[in-house]
Amino acid sequence: MSGVQTFFGAIGEVAILTGQTARELVRRPFEVKLWIVQLEQGGVQSWSITFLTAVFTGMVMASQFAIGLEPFGASLYTGKLVSLGIVRELGPVLTALLVGGRVGAGFTAEIGSMAVTEQIDAIRALGANPVRKLVVPRVVAMVIALPLLTVLADLVGCLGGVFITMLEVHISFRFGIEQMIDTVDVPDLIHGILKSAFFGYFIAIISCWVGMNTRGGTEGVGQATTRTVVWTSITILISDFFLTRFFLAIYG
Amino acid sequence: MSHPATPVVPETVDGAATPPADGEEIIRFAHVGKAFGDKVVYEDLNLDIRRGETLTIIGGSGVGKSVCLKMLIGLLKADRGSIRAFGDEVTTMDERALMGVRSRIAMLFQGAALFDSMSVEDNIKYPLREHAWGTEEQMDARVAEVLELVDLPGVQKLRPSELSGGMKKRVGLARTIAMKPEVVLYDEPTTGLDPITVRRINGLILRLQERLGVTSVVVTHDMDTVFTVTNRLALVYQRRIAFVGTPEEARHSDIRFLREFIKGGRGVLQEDLS
Ligand SMILES: Nc1ncnc2c1ncn2[C@@H]1O[C@H](COP(=O)(O)OP(=O)(O)OP(=O)(O)O)[C@@H](O)[C@H]1O
Ligand SMILES: [Mg+2]
């Protein structure tokens, strides 16, 4: 089977896993300790990669627009374009792609190793539920962490943009910030943050599903990890289109 | 603590296990079929297991010995046929009902399947916590007790990565028996271990059966296990159980591979069956 076929074949099973996750999520007692471990590993430890990605994205966009807009005498609009681009698209999407690669691959490798060494069978044999123990904490962590990381990316990306605009277009820092605040509406921000919550869910559920279905020893774990990176990236990019159309239809 | 004063493992394990006292039948596979995609593992699996006995399952690599054990506790679903445990049909149970079966029938996995992310102590407490077994102090005591039983006192704080293969198997066994199961399924408990550790583990299987009345199902490639712990021997061959009988009966079976396995021709068995 080709990769694309397997990908679409898996959608049904991922949906089933989502149902099980939802059921276990609301079942008491909540295993908050496990959730916090994942928040720490998936979320807190991803801030530096988010920071770097965002600051350079903001700076490179500002460089491009400052030069590209000059022939039209529109360089002063650089800040507007950069902040809109970051807050609406690049903040959520690039953060999801980068964090998805890092965290998703980690989830799959960890759960995949457990699958091939029968640790997942052992969880069930010892009277526990692997979805509850492994999937729920990771989904919770990513749905919470990714929007927060996106806020960080938005902020840092815009500041990076302002910094380059100051150098290139010779605006003041104050003008740059005011222009940014002027341009970005609350719906723009919310739109991006909501999208990132969906991306967080996709990253966690796909990487967990691939991990739990890993076969074939250590080699299988390697292949599964690669598969997760590809599948989460594709899912983020495709779903971004539909989510964007959906939110645009709502907010206009 | 059940037997504090006695040595945990007999120094040597000689002679065959005592014959079963004709226990009642507690587990029965009837006409079970199982396939993964195109690969048929079982066509017509029939087998019964009696209370108090040690049943040993042998067969070539990849014939489905592990699959047989996993179907019994519902880790894998049979495609057709019936599997009854303590009178209840396992094949139609949901995950919740299976928890009941799994607290009575515990499994020691092929690679021990210890949780890498946890200490030995937390591994053994895992089933206890899931079943709200008792207070933290009671659990500490139980952990110490089962570790003593497998002859590994004091390793509570170690991580699985710090243990040797044989120690992992024994910690896995400690975790398996922590909930006091009535039946223990051993999936290749001695494969890949040195002869001394093999004897020690065979001694443990025997001891659990004789002193705690545990019913044992042992998957093995090991002749020592066959002759020290087995009451009845079952051979997985051609997608079913092709032979069930005492090791002595197996010597005179008309299945050539079985006779050769019993004579010590382990390699022959592996080649011819796979
Ligand atoms: N979850 C699974 N998905 C797909 N195929 C499986 C699965 N579990 C087992 N199989 C296949 O079923 C067959 C029997 O496997 P099983 O693990 O029971 O063999 P075994 O007799 O225990 O062998 P070994 O001595 O190597 O442990 C093998 O061909 C294996 O590849
Ligand atoms: Mg096996």
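- Of the residues considered (B:Ile105, B:Asp116, B:Leu98), B:Asp116 shows the highest number of contacts with chain A, using heavy-atom pairs under 4.5 Å.
- The contact list for residues 99-114 of chain A toward chain B, using heavy atoms and a distance under 4.5 Å, reads A:Met114 by residue number.
- Listed options B:His131, B:Glu95, B:Glu130, B:Met179 were ranked by heavy-atom pairs under 4.5 angstrom with chain A; first place goes to B:Glu130.
- For the options B:Met107, B:Gln110, B:Arg96, heavy-atom pairs under 4.5 Å to chain A are most numerous at B:Arg96.
- Close approach to chain B, defined as a heavy atom under 4.5 Å from one of its heavy atoms, is seen in A:Thr117, A:Glu118, A:Gln119, A:Asp121, A:Ala122, A:Ile123, A:Arg124, A:Ala125, A:Leu126, A:Gly127, A:Ala128 of residues 116-131 of chain A, taken by number.
- Residue B:Glu136 qualifies as enclosed at atom CD: its count of foreign heavy atoms under 6.0 Å is above 12.
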Full working for side-chain contact (heavy atoms from CB on, under 4.5 Å) between B:Tyr126 and A:Lys133: CA-CA 12 Å; B:Tyr126 198 93; A:Lys133 295 287 173 184; 3.3 Å; yes
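- For a residue to count as touching a neighbouring chain, one of its non-hydrogen atoms must lie under 4.5 Å from one of that chain's; by this rule B:Leu114 touches chain A with the backbone only.
- Residues of residues 16-43 of chain A lying within less than 4.5 angstrom of chain B, judged on heavy atoms, are A:Arg27 in numerical order.
- Interface residue B:Ile73: only side-chain heavy atoms are found under 4.5 Å from chain A.
- Heavy-atom neighbours of A:Phe56 CZ from other residues, nucleotides or ligands within 6.0 Å: at or below the threshold of 12.
- Heavy-atom neighbours of A:Phe198 CZ from other residues, nucleotides or ligands within 6.0 Å: at or below the threshold of 12.
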Check: residues 47-55 of chain A side-chain donor-acceptor pairs under 3.5 Å, at least two apart:
residue: A:Thr50; atom: OG1; partner: A:Ser46; partner atom: O; Å: 2.8
residue: A:Thr53; atom: OG1; partner: A:Ile49; partner atom: O; Å: 2.5

